[in-house]
There are 2 protein chains.
Amino acid sequence: MSIDPPGFELPLRLFLGFRVLIDELHAELARQGHPHARPMHGFVMQAIGIEGTTAVELGRTLGVSKQAAGKTIETLERLGYVERARDPRDTRRKIVRLTPWGVDVLARSARIFDDLRARWAAVIGDERLRDLEADLRKVTPQDVFRLDVPGWFGA
Amino acid sequence: MSIDPPGFELPLRLFLGFRVLIDELHAELARQGHPHARPMHGFVMQAIGIEGTTAVELGRTLGVSKQAAGKTIETLERLGYVERARDPRDTRRKIVRLTPWGVDVLARSARIFDDLRARWAAVIGDERLRDLEADLRKVTPQDVFRLDVPGWFGA
DNA sequence: CTATTACCGACAACGACGTTGTCTATCTTA
DNA sequence: TAAGATAGACAACGTCGTTGTCGGTAATAG
């Protein structure tokens, strides 16, 4: 026997739903030639955006230190997803930009997420899925990038 | 401008919903005398259960190594949430049990989660919330403990 | 024009938390 | 009774976050 009230289920289901989508995304990304993409990378590359950014800026966007952002950028650079170049107008800055390979991951992710969403719609119905999204929008914050994921779950 | 298809929003909203609930849970737990409880602890203590368990068993339940489970148990022990005792019938085993202090966290968590759920119901409606839970149940796995959280999000 | 201040990126040291590997003690089984 | 399996402790290591420090460049105040 264990303590098991109704309120415990809601956060768990939300997390499991998230996990299912992310896991299936990355299984499919691996099949499509991106076996080294990790859940974090997608968020980071979204945060980098099309215009590019710097380590300090990225750290602020993601809510981590500039050093942590720098290390993540190094990883993405090693995987070929981003590249760095000196800013000619401010030689202190190094601008991080998505490579075509990085844009490819984002584009594929977008299509895969749309497919996964369609599969959910097929299971629970299109209207119910739209309701679900609308309801979640009402109870969650608007700022989408400050996930503060790193170490947040740690013991 | 950034790549921003409809499919990207669903996983994000699910995660943010989860985050909102967990963050508010721990803010309230801190107010109620449990400032050191971390998100992971609740799941682990749920996994330990009323009858208790061992490090090896716990590791299997949570999907981590027995060493990692042992370290988590040490942390919980230091916080006074669990205690260990030798199994008289198998002196190799050390049984981990919740202390009354540990049971207290779980009981308070249960009430807080119920309150948070009620607040969601007040915002989106009770029926819509029940629909949301029912729909999520349809698209998520049944095994609830294998979160495989540790390091899963890492870059 | 110059001196101070602010900012960027790199490097080092550290802590938290996961992993694998090894070891001893104990239980189980052939 | 001997061999194998299992529990838990200990150590070493890797990853990823943190803070602190530093040199180089930009912006700004006097």
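A note on names: the letters A, B, ... follow the listed sequences, proteins ahead of strands, and every chain is numbered from 1.
In DNA chain D, runs of at least 3 stacked Watson-Crick or G-U pairs (N1-N3 plus N6-O4 or O6-N4, or N1-O2 plus O6-N3, all under 3.5 Å) give these stems: C:1-30 with D:1-30.
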For residues 100-110 of chain A, tabulate all N or O donor-acceptor pairs below 3.5 Å that involve a side-chain atom, not counting sequence neighbours.
unit_1: A:D104; atom_1: OD1; unit_2: A:R108; atom_2: NE; d: 3.4
unit_1: A:D104; atom_1: OD2; unit_2: A:H34; atom_2: NE2; d: 2.7
unit_1: A:D104; atom_1: OD2; unit_2: A:R108; atom_2: NE; d: 2.8
unit_1: A:R108; atom_1: NH1; unit_2: A:Q32; atom_2: OE1; d: 2.9
unit_1: A:S109; atom_1: OG; unit_2: A:V105; atom_2: O; d: 2.8

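Not counting sequence neighbours, the partners of B:D135 by the side chain to side chain donor-acceptor pair (under 3.5 Å) test are A:R128. Partners of B:R31 according to the salt bridge (Lys or Arg N to Asp or Glu O under 4.0 Å) rule, which considers only residues two or more places apart in sequence or in another chain, are B:E28. For A:A69, the side chain to side chain contact (heavy atoms under 4.5 Å, CB included) test picks out A:L58, A:V64, with sequence neighbours left out. For A:S65, the side chain to side chain donor-acceptor pair (under 3.5 Å) test picks out no residue, with sequence neighbours left out.
Counting to the nearest Å, the P atom of D:dT15 and the CE atom of A:M40 are 18 Å from each other. At whole-Å resolution of the value, CD in A:E74 and C1' in D:dG14 are 15 Å apart. Per the geometry, CG belonging to B:L58 stands 15 Å off P belonging to C:dC17, to the nearest Å. A:K71 places its NZ atom 12 Å from the P atom of D:dT19, with the value rounded to the nearest Å. The nearest whole Å value for the distance from the CD atom in B:Q67 to the C1' atom in D:dC10 is 10 Å. Distance CZ (B:R38) to C1' (C:dG18): 16 Å, rounded to an integer number of Å. Rounded to whole Å, atom P of D:dA26 lies 9 Å from atom CG of A:D87. Spacing between atom CZ of A:R89 and atom C1' of C:dC8 amounts to 16 Å, rounded to whole angstrom units.
The side chain of A:T91 places no N or O atom within less than 4.0 Å of a non-bridging phosphate oxygen (OP1 or OP2) of D:dT25. Neither OP1 nor OP2 of C:dC17 sits under 4.0 Å from any side-chain N or O of B:T72.
Of all heavy-atom pairs between A:L116 and A:L25, the closest is CD1-N, 4.0 Å.
Sorted by first and then second residue, the salt bridge (Lys or Arg N to Asp or Glu O under 4.0 Å) pairs involving residues 117-126 of chain B (not counting sequence neighbours) are B:E24-B:R119, B:R117-B:E133, B:D126-B:R130. Among residue pairs with one or both ends in residues 78-88 of chain B, those qualifying as salt bridge (Lys or Arg N to Asp or Glu O under 4.0 Å) are B:E77-B:R84, B:D87-B:R93; sequence neighbours excluded.
Under the 4.0 Å criterion applied to side-chain N and carboxylate O atoms, B:E51 and B:R97 are not assigned as salt-bridge partners.
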With the criterion being N/O to N/O and under 3.5 Å, what pairs connect the protein with nucleotides 5-8 of chain D, and how long is each?
unit_1: D:dT6; atom_1: O2; unit_2: B:R92; atom_2: NH1; d: 2.6
unit_1: D:dG8; atom_1: OP1; unit_2: B:K94; atom_2: N; d: 2.7
unit_1: D:dG8; atom_1: OP1; unit_2: B:K94; atom_2: O; d: 3.0
unit_1: D:dG8; atom_1: OP2; unit_2: B:A55; atom_2: N; d: 3.4
unit_1: D:dG8; atom_1: OP2; unit_2: B:V56; atom_2: N; d: 3.3
unit_1: D:dG8; atom_1: N7; unit_2: B:K66; atom_2: NZ; d: 2.7
unit_1: D:dG8; atom_1: O6; unit_2: B:K66; atom_2: NZ; d: 3.0

